[in-house]
Amino acid sequence: MNKYLTFFVFISVYSLSSAQDFRWQQRAEYTMAVNLDVKTHRVTGTQRLVYHNNSPDTLSKVYYMLYFNAFQPGSMMDVRSRNLIDPDARVKDRISLLKDDEIGYQHIQSLKQDGKDTKYTVEGTILAVTLVRPILPNSKATFEMQFESQVPIQVRRSGRNSKEGIAYTMTQWYPKMAEYDHQGWHAYEYVGREFHSVWSDFDVSITLDPTFVIGGTGKLVNADKVGYGYEKNGTAVKRPAGDLTWHFSAKNVIDFAWAADPDFVHEKITVPDGPEIHFFYQPGEKTTENWKKLPDYTVKHFQFMNKTFGKYPYESYSIIQGGDGGMEYPMCTMVLGERSMGSLVGIMGHETAHSWYQAVLASNEALYPWMDEGFADFASQESLALLFNTSMSESHAGSYESYFSLMRRGLQEPLSQHADHYNTTAGYTASSYAMGTVFLHQLKYVIGDESFYRGMRFYFNTWRFRHPEPNDFIRIMEKVSGLELKWYLSYWINTTKKIDYSIRNIIGLQGTTFVTLERLGEFPMPVDMVITYKDGTKQFVYIPLNEMLGSKRPENSTPQRTDLDAWRWVAPTYTAEIKRNVSDIMSIEIDPTLRMADVDRRNNKVSLGPELKAYEELTR
Ligand SMILES: [Zn+2]
């Protein structure tokens, strides 16, 4: 592409950006005051929710999610777990074995809309409310609720008494309004996977035994009355007698999570240019040494993420020992704490990277888990590559391998389905995490590194706080690259078609070499090829796919490139004409940067040693 054309593409990108047509979205303001009784493990509280209907629709019903109800024998989550062939090892049949004082529940004691009692029904984890008065477009309603919950024994993500001894992991712990958008309601019975919710402001007051330390979403408003490391340096904290009330505020987030334990150590560090990062862990032989080293890694990780993928917009973030494995929430994460250093840095990297994709972009994780888990995995792998000095391809290699293994095991299903409905846990995991990662690293191959990273920042800055969907992402990438990419998105998420390119034959004729390539898989791609000559020089050859309606810009690694005509996707073969003698050639390789998820790389490279002559159909 010549200079003038490149200039034109830049202009068009930025003029399009200002004309972005965003969808309407709902809004909620929660004010909650809750009391946690650490003897009975029950929460009683009130919730005032101002709900803004910004849709063009008149709503006669609303839905809340009551996640704790999932932790009861016979729940959807229990039945699903006991019927999957490979259930999550943390759940298995554990819910079916919970006793009455170990289960979770959320009981609604009263619910009023604008001062009047509403009618509602509870089915599993869904509370369906028939409104007293419909909520008209562009108007609001105020819901006032009294509820009582029992915190379940920790089975998955939330609960009390985790296996590492954390008293309370309070996630998915309050009645939460389901999201309503241009696709309708997203009120799905909780079976243990992904979440989605409304952009909200939270004002949360939590009262409990004063010996407990809380870490969570948002900012502690009454830090100087609470202390425990939240107070300004040098402040003399004087706690009132009796139970202690912690008052948190969080603005423009999709959830509010917290954890409490009497043994938590609280440490802080500030990333240059923000945010302030808080660490909460239970000191001990299996934690202290590694958690003391974690802050430095975390600062470097945030710096990399801010620079590479867009700036983290909140003032603080907390890494909290709690729950199981690792789970992301807005402005905080809950992770198992007793880990090797590598594992602790790895989980920190992944969970905090979710701040960009789950917390700030907040795509619907239930419908598009690959846009959250996959993108978070991708970003953290890039950051860890820098922290541990490995190459990008090496850092993503495990994701490619999981994807190939998924195919070999016959467990691949289309990514476009709801997260809860995959037939196997293995299929869901490899699809969401590994295929989401490969989707991005391979996109670098399709549009080039420079467009890709510019696109990732443009995507974040354009769609933050707006719940982007797959097409929103690919449109951004089309704008920054000047290429058509709908085919790529569609093949990757809607089908299970495979990529497999091969070198079919190489024929020399009167000083020209004819290289015939064959597309063996059904998934079409542009082709990068490198020819290595016996004199040690290399020639980079680029064959765009006609569906792209253009060529990627030359990458830094291939400043000199031979551009050939586009490969029409309907054609199974393509013959490249190289203006060199076949006898000069040492080897020819498709995709030398290993970014294309080609399922059989054995037919990607041909070496023409001195003793070998050009041949026909050796590599099929
Ligand atoms: Zn994750």
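Residue indices begin at 1 and follow the sequence shown. Order of appearance sets the numbers: ligands from 1, and atoms from 1 within every ligand.
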* To do: Could you list all the salt bridge (charged side-chain N to carboxylate O under 4.0 Å, His left out) pairs where at least one residue sits in residues 259-268, not counting sequence neighbours?
  => E267-K292

* Does atom NZ of K219 have more than 12 heavy-atom neighbours from other groups under 6.0 Å away? -> no

* Asked: When you measure from the centre of the six-membered ring of F22, is the NZ or CZ of R466 under 6.0 Å away and within 45° of the axis?
  -> yes

* **Heteroatoms of the protein, restricted to N/O/S, which lie under 2.8 Å from the Zn ion (ligand 1)** => H350 NE2, H354 NE2, E373 OE1

* When the ring planes of Y67 and F195 are compared, do they come out parallel, tilted or perpendicular, using 30° and 60° as the limits? -> perpendicular

* To do: Starting at CE of M477, measure out to CD1 of I447 and round the result to the nearest 0.5 Å.
  => 5.0 Å

* Which of parallel (below 30°), tilted (30 to 60°) and perpendicular (above 60°) describes F304 and F309? -> perpendicular

